[in-house]
Structures are given as structure tokens and as C-alpha cells.
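Report on the following structure.
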Amino acid sequence: MRTAGRKKDPQIDRAVLRATLELLEEVGYAGTSISQVAARVGVYRPAIYRRWPSKQHLVAEAVASALGDEPTPDTGDLRADLLTGVGTLVEAFTATNVSRVLPALVADLARQPDLRQDFLDSVFQPRRASTARRLRAAAERGDIRPDFDMEFVLDALAAPVYYRALFGHGSVTPELTEQSVDLVLASLRSRPSSPGD
């Protein structure tokens with residue numbers, strides 16, 4: 001999500017992302033601007049544009065920083081690991097304004113293929129890869145059956161949380177995390193029926 005050739009300064013990066021999240025909380029997606037972020041951090045606008053080519057790229061990376069890219073730990077307890085991983089979504093959507101930003105961000109992702117690809121590469125795929133590694137390890141240990149559709153399982157774990165955050169028709173809660181994880185694990189621990197059973 002960055003432009004090439006910029007001089008890195010992690011301290012400024014962190015301050016800009018933090019200020020962006022604060023402004024999203026205070027004035028929402030439409031009300032947040034590069035000028036406001038720059039003023040809050042105490043830098044000039046070009047310093048931000050050297051790092052992020054647009055407000056949309058900046059917001060996408062701020063959301064990424066709130067969600068994290070390595071959510072699922074490896075403790076050897078698959079249920080606990082999945083609860084932690086999916087729980088990071090719940091925490092991000094309830095402790096910050098990310099859930100209210102999500103509809104506008106998703107609309108921008110749909111309109112801007114480069115922004116969408118950046119978001120997939122920096123947030124979506126790394127988070128899924130983290131969880132996929134834990135699922136593969138659990139299958140190798142024999143904790144779950146090995147013949148499952150990885151992409152579907154990854155979708156099924158997080159989809160209820162994203163769906164509620166996007167449409168706002170239900171609460172995003174730790175209980176939702178448990179329901180999602182337990183439903184998926186129940187399917188992974190049972191053998192699929194053979195034709196004719």
C-alpha cells in the first residue's frame with residue numbers, strides 16, 4: 001500500500017496510522033482527510049503522500065494495523081488458537097471504529113483494483129495464511145480430518161464476524177466467535193458421509 005522509494009521512518013508511520021484510526025473514530029470515513037491526519041501528527045501532507053498515494057490507501061493500512069496480519073497463535077490447542085485468531089476481528093470491530101468504516105472501505109476496494117490487491121496482499125491473505133498453518137498442523141497431529149476444503153474453512157471461520165460488522169444486523173461478540181469456531185470444528189472432527197450412507 002506504499003509508494004516506492006520513500007524514506008522509512010517507523011515512528012512517523014505509527015503516528016500517522018494511529019491518527020488515522022483516531023479520526024475515523026471521531027469523524028468517520030467521509031470526514032477523514034489527509035490534511036487532518038497531517039495536522040494531527042504535525043507533518044506536512046507530502047510526507048504522508050510519499051508513504052500512501054491516497055486517503056483510501058492510508059485508511060486501508062490503518063484498518064490493517066487494527067486487524068493485524070498474524071492473528072492465530074500456535075499453542076497446540078486448535079480451538080484456543082482459532083478463538084484467539086477470530087477474536088482479533090471481534091476486538092478490532094468492537095474496540096475501534098473499523099466496523100463503521102468497513103462498508104465504505106469495501107466499496108472503495110471494489111472500485112479500485114490496485115487498492116483491492118494491496119489490501120488482499122497485506123491483510124487478507126496473511127491473516128488467512130496464519131490460520132491455515134494452524135489448521136494444517138492440527139491435521140498433521142490428527143486433531144482434525146485432513147480431507148477438508150481449506151479455503152471454505154477459512155471463509156467459514158471469519159465470515160459471520162465480517163457479515164455482522166458489514167451489515168450491522170447483529171452483535172459482534174465473543175460468543176459469535178465461539179459459535180463460529182465450534183461449528184467449523186464440529187465439521188472438521190466428523191467424517192463426511194459416503195454416498196449411500
Side-chain angles (χ1 to χ4, degrees), residues 1-72 85-86 88-133 150-152 154-169 172:
M1 294 185 191
R2 309 297 186 85
T3 54
R6 73 178 180 91
K7 183 178 178 182
K8 293 184 178 181
D9 186 335
Q11 187 173 353
I12 290 178
D13 287 2
R14 287 192 295 270
V16 169
L17 295 173
R18 186 168 54 249
T20 302
L21 288 171
E22 289 171 358
L23 283 164
L24 289 170
E25 185 74 32
E26 294 167 16
V27 300
Y29 187 83
T32 297
S33 69
I34 295 286
S35 295
Q36 290 172 309
V37 173
R40 181 160 297 200
V41 176
V43 299
Y44 292 108
R45 287 172 50 194
I48 295 179
Y49 280 115
R50 281 196 298 271
R51 291 164 167 80
W52 296 275
S54 70
K55 167 187 152 178
Q56 290 79 10
H57 285 81
L58 174 57
V59 169
E61 189 156 342
V63 168
S65 72
L67 294 177
D69 61 5
E70 185 76 20
T72 310
V86 178
T88 61
L89 289 176
V90 172
E91 183 177 352
F93 289 147
T94 55
T96 70
N97 198 34
V98 169
S99 62
R100 283 183 284 172
V101 170
L102 200 59
L105 178 59
V106 168
D108 280 342
L109 293 177
R111 285 192 295 265
Q112 300 181 42
D114 65 320
L115 179 66
R116 176 181 176 275
Q117 192 60 53
D118 282 346
F119 190 80
L120 289 175
D121 291 344
S122 65
V123 184
F124 191 77
Q125 297 300 351
R127 286 186 62 89
R128 288 168 75 85
S130 167
T131 305
R133 287 192 292 273
M150 178 67 78
E151 293 303 308
F152 177 80
L154 294 172
D155 286 344
L157 283 166
V161 179
Y162 280 116
Y163 195 71
R164 286 194 179 184
L166 187 58
F167 292 104
H169 63 288
V172 176

query: Of the non-hydrogen atoms in A19 and V41, which two are nearest, and what is the gap between them?
result: CB-CG2, 3.6 Å

message: Can you tell me how far apart CG (L105) and CG (L115) are? Round to the nearest 0.5 Å.
response: 6.5 Å

- request: Using a 4.5 Å cut-off on heavy atoms from C-beta on, say whether the side chain of S65 contacts that of L21.
  value: yes

- request: Find out whether T131 and L157 are in side-chain contact, i.e. whether some heavy atom of one side chain is under 4.5 Å from a heavy atom of the other.
  value: yes

- prompt: Would you say T20's side chain and V16's backbone share a donor-acceptor pair under 3.5 angstrom?
  reply: yes

- request: Compare all side-chain heavy atoms of L67 with those of T88 and state whether any distance is below 4.5 angstrom.
  value: no

message: I'd like to know if the side chain of R51 reaches the main chain of I12, judged simply by a donor and an acceptor atom lying under 3.5 Å from each other, with no hydrogens or angles considered.
response: no

- line: One should read off an interatomic distance between R164 CZ and L102 CG, to the nearest 0.5 angstrom, of 15.0 Å

message: What verdict does the side-chain contact (heavy atoms from CB on, under 4.5 Å) test give for M150 and R128, after you've listed the backbone C-alpha separation in whole Å, the side-chain angles of each residue and the deciding distance to 0.1 Å?
response: CA-CA 10 Å; M150 178 67 78; R128 288 168 75 85; over 6 Å; no

message: I need the minimum non-hydrogen distance between V123 and P126, along with the two atoms involved.
response: O-CD, 3.4 Å

message: Just verifying a value: how many Å separate D108 CG and Q56 CD, rounded to the nearest 0.5 Å?
response: 4.5 Å

message: Is any side-chain heavy atom of H169 closer than 4.5 Å to one of Y163?
response: yes

field: From D114 atom CG to S54 atom OG, the distance as rounded to the nearest 0.5 Å
entry: 7.5 Å

message: Using every non-hydrogen atom in the two residues, find where F93 and S99 come nearest and quote the distance to one decimal.
response: O-OG, 3.4 Å

- prompt: Is any side-chain heavy atom of D13 closer than 4.5 Å to a side-chain heavy atom of W52?
  reply: yes

message: Main chain of S130, side chain of T72: is a donor-acceptor contact present, judged purely on distance under 3.5 Å?
response: no

field: Within 6.0 angstrom of R116 CZ, more than 12 heavy atoms from elsewhere
entry: no

query: Atom CZ in R40, atom CZ in R18: separation rounded to 0.5 Å?
result: 11.0 Å

query: What's the spacing between L24 CG and Q36 CD if we round to 0.5 Å?
result: 10.0 Å

- prompt: Hey, does L58 have a side-chain heavy atom less than 4.5 Å from the side chain of K55?
  reply: no

